[in-house]
2 protein chains.
Amino acid sequence: MLSIWTPTAVFDPSNPTASKKSRFQPLSRDGLVDRVANLLAEAIMAGRIRPGAPLSESAIARDMGVSRAPVREAARLLESSGLVEYRTNRGFFVQSVSSAALDNLYEFRIVIERAAIARLVATGAEETLPLLRGQLSELYRVADAGEDMVCQVEADMHFHRLICQGSGNPRFLTVFDQIANETKLGLILIGRLYDDAHRMAETHEPIIDAIAAGDTDAAVDAIDYHIGTARTLVCQQFRLLEDKSAP
Amino acid sequence: MLSIWTPTAVFDPSNPTASKKSRFQPLSRDGLVDRVANLLAEAIMAGRIRPGAPLSESAIARDMGVSRAPVREAARLLESSGLVEYRTNRGFFVQSVSSAALDNLYEFRIVIERAAIARLVATGAEETLPLLRGQLSELYRVADAGEDMVCQVEADMHFHRLICQGSGNPRFLTVFDQIANETKLGLILIGRLYDDAHRMAETHEPIIDAIAAGDTDAAVDAIDYHIGTARTLVCQQFRLLEDKSAP
DNA sequence: GGAATGTCGATTGTCGACAATTTCCTTGAC
DNA sequence: GTCAAGGAAATTGTCGACAATCGACATTCC
């Protein structure tokens, strides 16, 4: 599956100065389809195309200077990421989000991440723990530097992604990636989400502590509480948004 | 998302003799892509194309009498169902299955279905329960009639699908459909799976009983035990298969 | 002999054109 | 004025052709 988001606001532990083995950094072997998909995804997540809006293949192809074929394939790719929706003979539409759908999404995320973190702790988190700590500091950096919300959301989601990645069962990561984009879409729509981003970053500490302590139950409780809080907050905000736009 | 399997071996509660509302059964408004996808999926699940084998777009297009475009789109669709795998500039390949992947799959299914059945019981299963009972009788029928294995597997999977469907959170169903095909692929590969299909059908009874009793914990335990048993059985069988083909 | 390099056939990647379908606006009747 | 039928415009669906890329084999050079 395609990894949509651009790796900003993620902690990268690799040595940035000199590559030891090869003298050249491998140039991206992405096809046209992937590049189109990335551009489209970025436009959607940045809110430049509104949810529910139709995606005209011809228009996009014209704007990007390619033919319709790669655009169609890119759209199909984005469909499996939950970013766009396809209707036969009608074309592609930006996935529309509702508070009910968001609530379902968060409920599902809780199920996934509870299981993922339990497995992570059970199988030993030696490799993942430093990554999580690194991403936490990235969360603080983004918050304190006053970066824009897209950045904050991405940093937050990447933290949770690391948990799924470290679970040891790749299935958790696959499914997380699929639903992560939809969550981000919802968060972006709300616009200004966290009153205090620094305080928001802090709420990740108990999760790391529990993992470090090797306490499975505590870790599950921590993630449960963390996502549960976000769930009520986000859905509440989104319902406000819905009421305002359609009373 | 595309529903791949043809609805055989599923219990249909609607009146089979005369359709009440319309005098005509609605002719399928599926596009060419969906039909190609169904044909492909069927060929893969029936084992006519071996896992790991390349899918030549031109050959498929020629055989089906269509151009390559719908074949490509169909393959992309099947990719998100986990039936085929795509490699850039290499094309599509039938998803290859390993015992390790199967084990991961089952572990994940346990997570999903535990949550789904808990939600089902918690929110009331009045509508789902008769469907489950109907599908159970379908399981018995298929077993006692000595239907082929594909039929048995589909009947079994559909039972579990109903649980996800009845959970009330559509996300469970979406994800289940995605991973169900891969599971089926693995089961088909094993070939002869259940020594006693009737006895196998019986193991679904405790699940229904727990749901009917409204006992969430019992239901979760029942589904846990049921899938867990299948997991060890299937993975064991599959490992045998692996050892035989590559010692 | 062995590793690197060049060549070839086959397959995928992309394109522009045409057919089929949907949508929307016009037109007409009541 | 409302509603239905019809048709034009725009959009998607499908196609065949050509370019780009890959893997395998033959070739060359050490």
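Naming convention: chains lettered A, B, ... in sequence-line order (proteins, then strands); numbering from 1 in each chain.
For Asp103(A), the side-chain contact (heavy atoms from CB on, under 4.5 Å) partners are Arg231(A), Cys235(A), not counting sequence neighbours. Scored by the salt bridge (charged side-chain N to carboxylate O under 4.0 Å, His left out) test, Arg90(A) finds no partners at all (sequence neighbours excluded). In this structure, the salt bridge (charged side-chain N to carboxylate O under 4.0 Å, His left out) partners of Glu73(A), at least two apart in sequence or on a different chain, are Arg72(B), Arg76(B). Residues passing the side-chain hydrogen bond (donor to acceptor under 3.5 Å, both in side chains) test with Asn104(A): none are found, sequence neighbours excluded. Shown here are the side-chain contact (heavy atoms from CB on, under 4.5 Å) partners of Ala100(A), two or more places apart in sequence or in another chain: Ser98(A).
Residue Tyr86(B) is in sugar-phosphate contact alone, with no base atom involved, counting any heavy-atom pair closer than 4.0 Å across all strands shown.
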Dump the pairs, protein N or O against N or O of nucleotides 15-17 of chain D, anything under 3.5 Å, distances to one decimal.
| from | atom 1 | to | atom 2 | distance (Å) |
| --- | --- | --- | --- | --- |
| dC15(D) | OP2 | Ser67(B) | N | 2.9 |
| dC15(D) | OP2 | Ser67(B) | OG | 3.3 |

All N/O contacts under 3.5 Å from nucleotides 6-9 of chain D to the protein, with atom names and distances to one decimal?
none

Table of protein N/O atoms under 3.5 Å from nucleotides 22-24 of chain D N/O atoms:
| from | atom 1 | to | atom 2 | distance (Å) |
| --- | --- | --- | --- | --- |
| dC22(D) | OP1 | Arg29(A) | NH2 | 2.2 |
| dG23(D) | OP1 | Arg90(B) | NH1 | 3.4 |

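Here ring pair (Phe, Tyr, Trp, His ring centres under 6.0 Å) pairs that include residues 49-81 of chain B, with residues two or more places apart or in two chains, number zero.
Using a 4.0 Å cut-off between charged side-chain N and carboxylate O, Arg141(A) and Glu138(A) make a salt bridge.
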I'd like a table of donor-acceptor pairs (distance under 3.5 Å, sequence neighbours excluded) in which one partner is a side-chain atom from residues 59-70 of chain B, with atom names and distances.
| from | atom 1 | to | atom 2 | distance (Å) |
| --- | --- | --- | --- | --- |
| Ser67(B) | OG | Ala69(B) | N | 3.3 |
| Arg68(B) | NE | Glu57(B) | OE1 | 3.1 |
| Arg68(B) | NH2 | Glu57(B) | OE1 | 3.1 |

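Between Phe108(B) and Phe172(A), the ring-plane angle classifies as perpendicular under the 30° and 60° cut-offs.
At least one donor-acceptor pair closer than 3.5 Å links the side chain of Ser167(A) to the backbone N or O of Asn169(A). Within the 3.5 Å criterion, the main-chain N or O of Ala125(A) finds no donor-acceptor partner in the side chain of Thr128(A).
For the helix from dG1(C)-dC30(D) to dC30(C)-dG1(D), the angle separating the two terminal helix axes comes to 10°, with each axis derived from five pairs and the value rounded to 10°.
Applying a 4.0 Å cut-off to non-hydrogen atoms, the residues of residues 49-58 of chain A that approach DNA chain D are Leu55(A), Ser56(A), Glu57(A), Ser58(A), listed by residue number.
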